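Given the structure is predicted, the values throughout are model-derived calculations rather than measurements.
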Amino acid sequence: MQYQIAFVLLALLLSVVTGQNKKTENEPCTFSEECKIGLECRENVCRCPEGKKLTSETGTSANCAPVLGLSCEGHDDCEAMKGAQCGEAKCYCPIGVGADSKECIQTLASIQDKCTVHTQCIHLIGDYAQCKNDRCSCKVRYYYDEENNKCEKAKGLSEKCQKNVECYLNYDDALACKDNTCQCAEGFKLVHDSCESGATVVLVSIATIFTAIVTLRLW
């Protein structure tokens, strides 16, 4: 029994010495010693020091660095945000550069400009934008409104519209704007509140007939 107790105590001592079982960000704590190196216990939770955010961590330590708008002494203090600089004792992105969650990124002037990350497009044409094939576009079920330079929610079957690009259902070309209403486009037919291509309708009809014949023979 004594050996077992000694073994448990030794294991606990080793975990403290080696830093194992140290708590990471947002885990409950009582003392800072319980948290990974670089974190401190504030309000009974392991956190980065005031004015800093977690950028990386290992099994025993956490790297906290200043973020945009927070105090700094030199450019190195702003390394948490790639491309950020220190000016007037605060981290900031240079003029003409925006910020996403991890880095300062070049802002775009036009939807035709080449993009590298989604955030550039979101800054340019709204929350439902994406960077796809090096160009900004709107996500599925959204369309680009040139007048407002923004991604807007697409219109469904029978909804009011002004242009074909506003209509979307199942496929990009399934709907068209006719008489200011989203309707099935040429080559598509209305089937159960959906627009299906002529070929699909024919295949479904053949399958239905075949099933009916097989059923009759079984009877």
Side-chain angles (χ1 to χ4, degrees), residues 26 53-55 67-70 80-84 90-216:
N26 296 324
K53 76 170 186 177
L54 182 67
T55 57
V67 294
L68 292 181
L70 297 177
M81 187 73 72
K82 184 179 178 181
K90 289 186 178 182
C91 295
Y92 73 97
C93 285
I95 296 175
V97 177
D100 68 1
S101 60
K102 295 183 179 179
E103 63 181 325
C104 294
I105 54 175
Q106 188 67 43
T107 55
L108 306 181
S110 167
I111 194 172
Q112 301 300 327
D113 291 346
K114 184 177 180 179
C115 61
T116 55
V117 293
H118 295 315
T119 308
Q120 290 174 297
C121 302
I122 291 172
H123 285 322
L124 183 66
I125 56 176
D127 293 337
Y128 303 104
Q130 62 183 351
C131 180
K132 189 175 182 180
N133 299 326
D134 298 330
R135 291 292 182 272
C136 292
S137 62
C138 297
K139 294 181 178 179
V140 175
R141 300 188 184 282
Y142 289 85
Y143 72 95
Y144 176 59
D145 185 341
E146 294 183 3
E147 293 183 4
N148 296 319
N149 191 40
K150 187 179 180 181
C151 289
E152 300 284 2
K153 187 173 178 60
K155 314 293 178 60
L157 190 63
S158 301
E159 290 189 279
K160 295 295 182 181
C161 60
Q162 294 181 342
K163 302 176 182 178
N164 286 338
V165 69
E166 299 176 24
C167 303
Y168 180 88
L169 181 69
N170 300 331
Y171 315 100
D172 288 335
D173 54 354
L175 287 184
C177 187
K178 302 176 183 179
D179 299 325
N180 294 325
T181 303
C182 291
Q183 303 178 35
C184 291
E186 185 175 349
F188 290 82
K189 292 185 178 182
L190 182 61
V191 179
H192 303 302
D193 296 326
S194 182
C195 295
E196 302 291 347
S197 66
T200 300
V201 173
V202 170
L203 288 174
V204 171
S205 299
I206 292 173
T208 303
I209 294 171
F210 178 77
T211 302
I213 292 173
V214 172
T215 302
L216 287 172

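Residues Asn149 and Tyr144 are in side-chain contact: their nearest non-hydrogen atoms beyond the backbone lie under 4.5 Å apart. Inter-residue side-chain proximity for Thr107 and Gln120 is flagged as unmet; no heavy-atom pair is nearer than 4.5 Å. Asp113 is not listed as a side-chain neighbour of Leu124, based on a closest heavy-atom distance of 4.5 Å or more.
Screening residues 145-157 for salt bridge (charged side-chain N to carboxylate O under 4.0 Å, His left out) gives Lys155-Glu166 as the qualifying pairs, with residues at least two apart or on separate chains.
Checked against the 2.5 Å cut-off, the SG-SG distance between Cys121 and Cys115 does not fall under it. The SG atoms of Cys182 and Cys167 lie less than 2.5 Å from each other.
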Criterion side chain to side chain contact (heavy atoms under 4.5 Å, CB included) on Ile125 and Cys151, from CA distance to verdict: CA-CA 6 Å; Ile125 56 176; Cys151 289; 3.7 Å; yes
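Under a cut-off of 6.0 angstrom, the local environment of CG in Asp127 is sparse, with at most 12 non-hydrogen atoms contributed by other residues, nucleotides or ligands.
Within the model, atoms CD of Gln183 and SG of Cys177 stand 8.5 Å from one another, a figure rounded to the nearest 0.5 Å. Taken to the nearest 0.5 Å, the NZ atom of Lys160 stands 4.0 Å off from the OG1 atom of Thr181. Atom SG in Cys93 sits 12.5 Å away from atom NZ in Lys82 (nearest 0.5 Å).
Gln130 approaches Lys139 most closely through the heavy-atom pair NE2-CA, 3.9 Å. Here the closest non-hydrogen pair linking Cys136 and Leu108 is SG-CD1, 3.6 Å. Here the closest non-hydrogen pair linking Glu186 and Lys178 is N-NZ, 4.2 Å. In this structure, Ala154 and Tyr168 approach most closely via the heavy-atom pair CB-CB, 3.6 Å. Of all heavy-atom pairs between Leu169 and Asp193, the closest is CD2-O, 4.4 Å.
Lys189 places no side-chain N or O within 3.5 Å of a backbone atom of Cys184 that could act as its donor or acceptor partner.
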